[in-house]
Number of protein chains: 2
Amino acid sequence: MTSDADKALDKAVEVLRLDRQLCFALYSAANRVTRLYRPLLDALGLTYPQYLAMLVLWEHSPRTVGEMGQALDLESSTLTPLLKRLEGAGLIARSRDPDDERRVIISLTDAGDAMRDQALDVAEQFFCKLDTPLPELVDLRERLKRLAV
Amino acid sequence: MTSDADKALDKAVEVLRLDRQLCFALYSAANRVTRLYRPLLDALGLTYPQYLAMLVLWEHSPRTVGEMGQALDLESSTLTPLLKRLEGAGLIARSRDPDDERRVIISLTDAGDAMRDQALDVAEQFFCKLDTPLPELVDLRERLKRLAV
DNA sequence: AACGATTTAATCGCGCACGATATAACTTCA
DNA sequence: TGAAGTTATATCGTGCGCGATTAAATCGTT
């Protein structure tokens with residue numbers, strides 16, 4: 001027969017295993033998607049987080065750094081250097097808001113706006129690579145949005 | 001009436017929006033979970049990737065660096081420095097395999113093994129924080145495992 | 001007007017994550 | 001046996017992601 005201590009240990013093993021499986025599944029899927037995008041984005045000279053930032057701007061530009069931080073759920077400590085690199089690449093412009101000099105306004109340059117067409121190809125190639133039915137992706141998206149909000 | 005060009009643009013907007021939503025949902029959920037773990041893991045002096053590495057070892061130790069890389073889907077360029085930090089913290093030991101000097105064997109120290117009990121608390125607190133029914137989590141895990149394999 | 005509180009970005013340090021490359025150990029096979 | 005090829009880990013440079021801190025602008029209250 002098994003002792004209470006053994007049962008407690010089994011429980012511990014089980015909880016830790018589930019934790020590992022769930023956390024790792026998320027962690028690893030995010031890494032895999034980044035790796036999947038890399039060869040596609042190399043053609044645009046963008047990293048994956050930079051691509052996400054551009055997607056935000058292609059939906060609506062200009063925006064302040066703070067608004068982009070809200071949209072991407074990132075701190076200025078992450079965003080500021082990333083945006084400076086996009087500026088260096090000539091895709092965006094950074095300027096202080098005259099109405100409130102604390103704010104920095106991010107706007108697409110012509111080059112940044114023009115990249116939108118190539119980005120469309122990237123997105124389509126990505127969906128091909130994923131090879132997953134659209135409803136499954138939409139379902140996954142909704143479940144992820146609900147997680148740990 | 002709308003022109004063909006307008007329709008193509010609408011399609012582009014839609015594809016990019018879906019891409020943004022799906023990719024961002026995954027990216028952002030992974031970031032959120034890491035942030036959720038941080039205060040819990042601070043008590044153990046572990047980062048989130050270090051915690052994942054310890055979970056792997058608590059399931060089965062010793063393992064080689066390569067085996068851990070397979071389990072965590074990480075390159076040696078990521079794993080080696082991480083493992084050196086765990087070694088510095090006294091939680092694991094690194095030693096060359098006498099049968100094949102190319103391999104490095106990672107084994108838990110007594111301190112590393114002992115941390116397992118505290119880790120159990122962390123995992124349980126995490127599930128409390130998540131506040132999500134277990135079946136939903138299991139379902140999410142399965143969907144993530146299927147994604148971009 | 002003035003001074004403390006708040007808001008907005010930026011800066012810094014640390015630890016990933018990975019591609020490219022290096023190095024050493026093992027294997028193969030001529 | 002020994003040279004060529006393969007495998008296992010390590011090193012390096014770049015770009016995140018974030019907590020802690022800083023600096024400057026704005027706001028609120030008196």
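Chain A is the first sequence line, chain B the second, and so forth, proteins listed ahead of strands; every chain is numbered from 1. Below, each value reflects all heavy atoms present in this structure, side chains not excepted, and no hydrogens, waters or symmetry copies.
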Quiz item: So which pairs with a foot in residues 76-96 of chain A pass salt bridge (charged side-chain N to carboxylate O under 4.0 Å, His left out), sequence neighbours left out?
Solution: A:E87-A:R94
Exercise. Could you name each residue pair satisfying salt bridge (charged side-chain N to carboxylate O under 4.0 Å, His left out) that touches residues 23-36 of chain B, not counting sequence neighbours?
Key: A:D73-B:R35
Exercise. May I ask you to check whether over 12 heavy atoms, not counting those of B:Q118, lie within 6.0 Å of atom CD?
Key: yes
Under 4.0 angstrom between [X] side-chain N/O and [N] OP1 or OP2:
| X | N | result |
| --- | --- | --- |
| A:K84 | D:dC16 | no |
| B:T80 | D:dT9 | no |
| A:Q50 | D:dG15 | no |

Exercise. Not counting sequence neighbours, which residues clear ring-ring contact (aromatic ring centres under 6.0 Å, His included) with A:Y37? List them please.
Key: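 So A:Y37 forms a ring-ring contact (aromatic ring centres under 6.0 Å, His included) with A:Y48, A:Y51, A:F126.
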Between [N] atom [atom2] and [X] atom [atom1], what is the distance in whole Å?
| X | N | atom1 | atom2 | value |
| --- | --- | --- | --- | --- |
| B:R94 | D:dA8 | CZ | C1' | 13 Å |
| A:L79 | D:dG15 | CG | P | 16 Å |
| A:L52 | D:dG15 | CG | P | 17 Å |
| A:R96 | D:dA23 | CZ | P | 15 Å |
| A:M54 | D:dG15 | CE | P | 16 Å |

Contacts under 3.5 Å, N or O only, protein and nucleotides 17-21 of chain D:
from, atom 1, to, atom 2, distance (Å)
D:dG17, OP2, B:Y27, OH, 2.4
D:dC18, OP1, B:R35, NH1, 2.2
D:dC18, N4, A:S77, O, 3.4
D:dG19, O6, A:S77, OG, 3.0

Self-check item: Partner set under side chain to side chain donor-acceptor pair (under 3.5 Å) for A:E67, not counting sequence neighbours
Solution: none
Self-check item: side chain to side chain donor-acceptor pair (under 3.5 Å) partners for A:D121, two or more places apart
Solution: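 Listed in chain order: nothing, the list is empty.
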Practice problem: Determine, stepwise, if the pair B:Q50 / B:L82 fulfils side-chain contact (heavy atoms from CB on, under 4.5 Å). | Solution: CA-CA 7 Å; B:Q50 287 168 9; B:L82 185 153; 3.9 Å; yes
Exercise. Give me the first and last nucleotide of DNA chain C, going 5' to 3', that has any atom under 4.0 Å from a heavy atom of chain B.
Key: C:dG15 to C:dC26
What's touching nucleotides 24-26 of chain D from the protein side, N or O pairs under 3.5 Å?
from, atom 1, to, atom 2, distance (Å)
D:dT26, OP1, A:E101, N, 3.0

Side-chain donor-acceptor contacts of residues 132-149 of chain A below 3.5 Å, not counting sequence neighbours, with atom names and distances?
from, atom 1, to, atom 2, distance (Å)
A:T132, OG1, A:L130, O, 3.1
A:E136, OE2, B:R146, NH2, 3.0
A:D139, OD1, A:R143, NE, 2.4
A:D139, OD1, B:R143, NH1, 3.2
A:R141, NH1, B:Q21, OE1, 2.6
A:R143, NH1, B:D139, OD1, 3.2
A:R146, NH2, B:E136, OE2, 3.0

Exercise. Can you run down the ring pair (Phe, Tyr, Trp, His ring centres under 6.0 Å) pairs that involve residues 57-108 of chain A, sequence neighbours left out, and say none if there aren't any?
Key: none
Exercise. Can you sort out the partners of B:R63 under salt bridge (charged side-chain N to carboxylate O under 4.0 Å, His left out), two or more places apart, ordered by chain and number?
Key: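 B:R63 satisfies salt bridge (charged side-chain N to carboxylate O under 4.0 Å, His left out) with no other residue.
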Self-check item: Partners meeting salt bridge (charged side-chain N to carboxylate O under 4.0 Å, His left out) with A:R102 (sequence neighbours left out)
Solution: A:D100
